[in-house]
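A short write-up of the structure that comes next.
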Amino acid sequence: MDFDFSAVLDSWQYLAGGLGLTILLSLLTVILSLIFGIAVALGRMYGPRWLSVPLVFYIDSMRAVPVLVVLIWIYFALPIVTGISLPPFWAALVALTFHICAYVAEIVRAGISSVRAGQTQAGLVLGMSEAQVMRKIILPQALIRMLPSLGSIVSITIKDTAIAAVIAVPELMKRTETVSGQSFRPMEAFTVAMVVYFLILFPATRAIDLIYKNIAYRGRS
Amino acid sequence: MSTVAAQIQNRKNADQTPVVEYRSIRKQYGEFVAIGSVTARVNKGEVVCLIGPSGSGKSTLLRTTNALEQIQGGELLFDGKPLPASKAGIRQVRQRMGMVFQNFELFPHKTVLENITVGPRTVLKVSEQEARKRAVALLDKVGLADKADKYPANLSGGQQQRVAIARALAMEPEVMLFDEPTSALDPETIGEVLNVMKRLAEEGMTMIVVTHEMTFARRVADWVVVFDRGNIVEQGPAAQIFDNPQAERTRDFLSHLGWDG
Amino acid sequence: MNLDWSVVWQNSGALAQGVLITILLTFCTMLIAIPGGIVLALMRLSSSRILSGISACFVEFFRNVPIILLIYWTFYVLPVFTDISFSPFGTGLLALALNVSAYNSETFRAGINSIRRGQTEAALALGMSHMEAMLKIILPQAARRVLPVLASTWISLFKDTSLVSVIAVGDLAHNALEIRAQSFRVLEILTAMAVIYWVLGYPQAKLVDRIYKKWGVKE
């Protein structure tokens, strides 16, 4: 058994470019999922039936179907239906957002319903409108409570972006495969990638835990 | 009828205009009747205490006052006018009533000062500076001037409840509603909250207080309403209710609490 | 756009076989990962710093790498280290088991930690041994907390099995992608694949909700 990391390390710029794309894709997915996820959660909780029923169906369906399946369907099948074919990166962004948004919506709903009814009443008796109560009283507390779960969304997203390699998005996972194939050093290539992913994901989860510990009391009513 | 008339004759502020009037109020949850038919009034400058066993409907009646609970029958007058039906109308009314909850319900993500300014700022559109000034004065009044920048989680229960009172007062309400304000407190901090309430009463604030603190009711209340199973069994001046109760149920309730006058 | 759904029926055998492999893989992984998780959790909670350190490293590492990469890594690295060539199924099983064991370990640890100290003390005060207290008092209570989380993990696992398709395990995703390549009926086959996953996964998701309602602990 001999190790030779030189071929992999020689390609570090190529791999770093892949890492950049992984981070970009993760960042965009998280931001879009947060925005749409809050909207979906509010629509589900307070919207009329014609809106809330399909939203519940959408959320539960995303919990049931693998992200790989959503990704492949959007990349290969959607163009046949719509006639518009998305480049791999954009197909991955759409698919990941579509999938992760449902998880965010569930987290937001749980966060909002965990703030007890007395808080709403305390806002209402001051003469606030329901929208003001939601914006000033409920959402800020709910967001603090959601922080640990939203933190895991960040790490889930980074991990899920690796699946985009399947549709040839040139992110870290895909470029690792390429280096592995060209250098005939798969073990070294994949080991390096594992370490790189770990070095990003582990501090990310730790940092969120730490932040949460310092502000948790502001969400306790 | 004659006894009711006699009772009302005794009333300190009988000539005053009523601030809140409950006329044959009825409240049901599905089949369950929480309030059968309740008639009572609260005059300007009075402290009215609602007492009675748990589940007798006193808290429910209090919460109908600012429409946290909808009524199914009767009429509720505030300042001589029925409660409005529109959401905007109800918001207007709520701005003129302060409410203090059993569990304080301070906003945990805001500092003590922000808890007090958030109402005036968002609802009355008072300037930041003005709201702060008023909040500082109110904190001073409830004896917590040094806690302005703390978060609620860092305060004792009694301190939290005093902040909650300041928060309600910041809206400059015409009447204050207290829903068992000391029931969630440790015995040693009950006194500090009752003292703040007593001072408020002395300043002439109109107050409706649901409470189990009989000593407070006896000393501070102008008028006491005794509830049992969704109805009023007796109402009258505090002296009469505690020293010379007319109804059997009132005597039972008071002796149950160990009240011996 | 002309659609020809007959391709789905013509290949129903291969799809059904894929479903079977997907379910089998989910079952076998959980079968390994529950004992695996318990062992890791007990190591983590043990007083030996070495055991607890090993467990912590294992758990943190396998939770914090993408599963698809873990599958590739197991596929390429395992034969080199062990000199045994695993079947694709065995490789996929091992990769998933490493990941899910790590998650289960955290689930069990949180479950045990969630039971108040007073409960152990109350049991000891009744004259129970530490072992009896653990078995009769702590674990049954912890089970209530653990079961709903395990159910969620089950669903994630069911979905993650689709990733073993990249190393040619004959699961549902892999078989569907093969048929797509041979038949060129891309829309029909991919839609059928999505629908089959949905039909399998949706009742599971609903079941998890019911388990949470029944067993979930309210703070």
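Lettering of chains follows the sequences in order, A, B, ..., and the numbering in each one begins at 1.
At a 4.5 Å heavy-atom cutoff, C:I189 makes no contact with chain A through either its backbone or its side chain. Proximity to chain C (any heavy atom under 4.5 Å) is restricted, for A:M173, to the side chain, taken from C-beta onward. Looking at A:V166, the atoms closer than 4.5 Å to chain C (heavy atoms on both sides) all sit in the side chain, from C-beta outward. The parts of A:T191 that come within reach of chain C are both its backbone and its side chain, each placing non-hydrogen atoms under 4.5 angstrom from that chain. In this structure, chain A has heavy atoms under 4.5 Å from both the backbone and the side chain of C:E60. Of the atoms belonging to C:F158, it is side-chain heavy atoms, and not backbone ones, that fall under 4.5 Å from chain A.
Interatomic distance, CZ of C:F61 versus OH of A:Y197, reported as 13.0 Å (0.5 Å rounding). Taken from CG in C:D160 to CD1 in A:I163, the straight-line distance is 7.0 Å, to the nearest 0.5 Å. Atoms CG and CG, from C:L163 and A:D160 in turn, are 8.0 Å apart once rounded to the nearest 0.5 Å. Atom OG of C:S162 and atom CD1 of A:I72 lie 8.0 Å apart (nearest 0.5 Å).
Residues forming a side-chain hydrogen bond (donor to acceptor under 3.5 Å, both in side chains) with C:R180 (at least two apart in sequence, or on another chain): none. For A:F190, the ring pair (Phe, Tyr, Trp, His ring centres under 6.0 Å) test picks out C:Y72, C:Y76, with sequence neighbours left out.
Here the closest non-hydrogen pair linking C:A173 and A:L68 is CB-CD2, 4.2 Å. Here the shortest heavy-atom pairing between C:P66 and A:K159 reads CB-O, 3.6 Å. Scanning all heavy atoms of the two residues, the minimum distance from A:A193 to C:L69 falls at C-CD2, 3.7 Å. What you find for A:V65 and C:A194 is that their closest heavy atoms are CG2-O, 4.2 Å. Taking every heavy atom of both residues into account, A:S61 and C:W198 meet most closely at OG-NE1, 2.8 Å. Residues A:L201 and C:N64 share a closest heavy-atom pair of CD1-O, 3.0 Å.
Counting only heavy atoms from C-beta outward, the side chains of C:D209 and A:D60 approach each other to under 4.5 Å. A:W73 is listed as a side-chain neighbour of C:T191, based on a closest heavy-atom distance under 4.5 Å. Looking at heavy atoms from C-beta onward, A:R63 lies in side-chain contact with C:V208 at the 4.5 angstrom threshold.
Around CZ of C:F86, the count of heavy atoms belonging to other residues, nucleotides or ligands within 6.0 Å exceeds 12. Other residues, nucleotides and ligands contribute more than 12 heavy atoms inside 6.0 Å of the CD atom of C:Q119. Atom CZ of A:R206 has more than 12 neighbouring heavy atoms from other residues, nucleotides or ligands inside a 6.0 Å radius.
Each side-chain hydrogen bond (donor to acceptor under 3.5 Å, both in side chains) pair with one or both residues in residues 78-104 of chain A, not counting sequence neighbours, appears once here: A:Y103-C:K159.
Ranking A:P186, A:P79, A:A204 against chain C, the residue ahead of the rest is A:P186, based on heavy-atom pairs under 4.5 Å. Contact tally against chain A (heavy-atom pairs below 4.5 Å) for C:V186, C:T161, C:V166, C:I155: the top residue is C:V186.
Residues of residues 19-55 of chain C lying within less than 4.5 angstrom of chain A, judged on heavy atoms, are absent.
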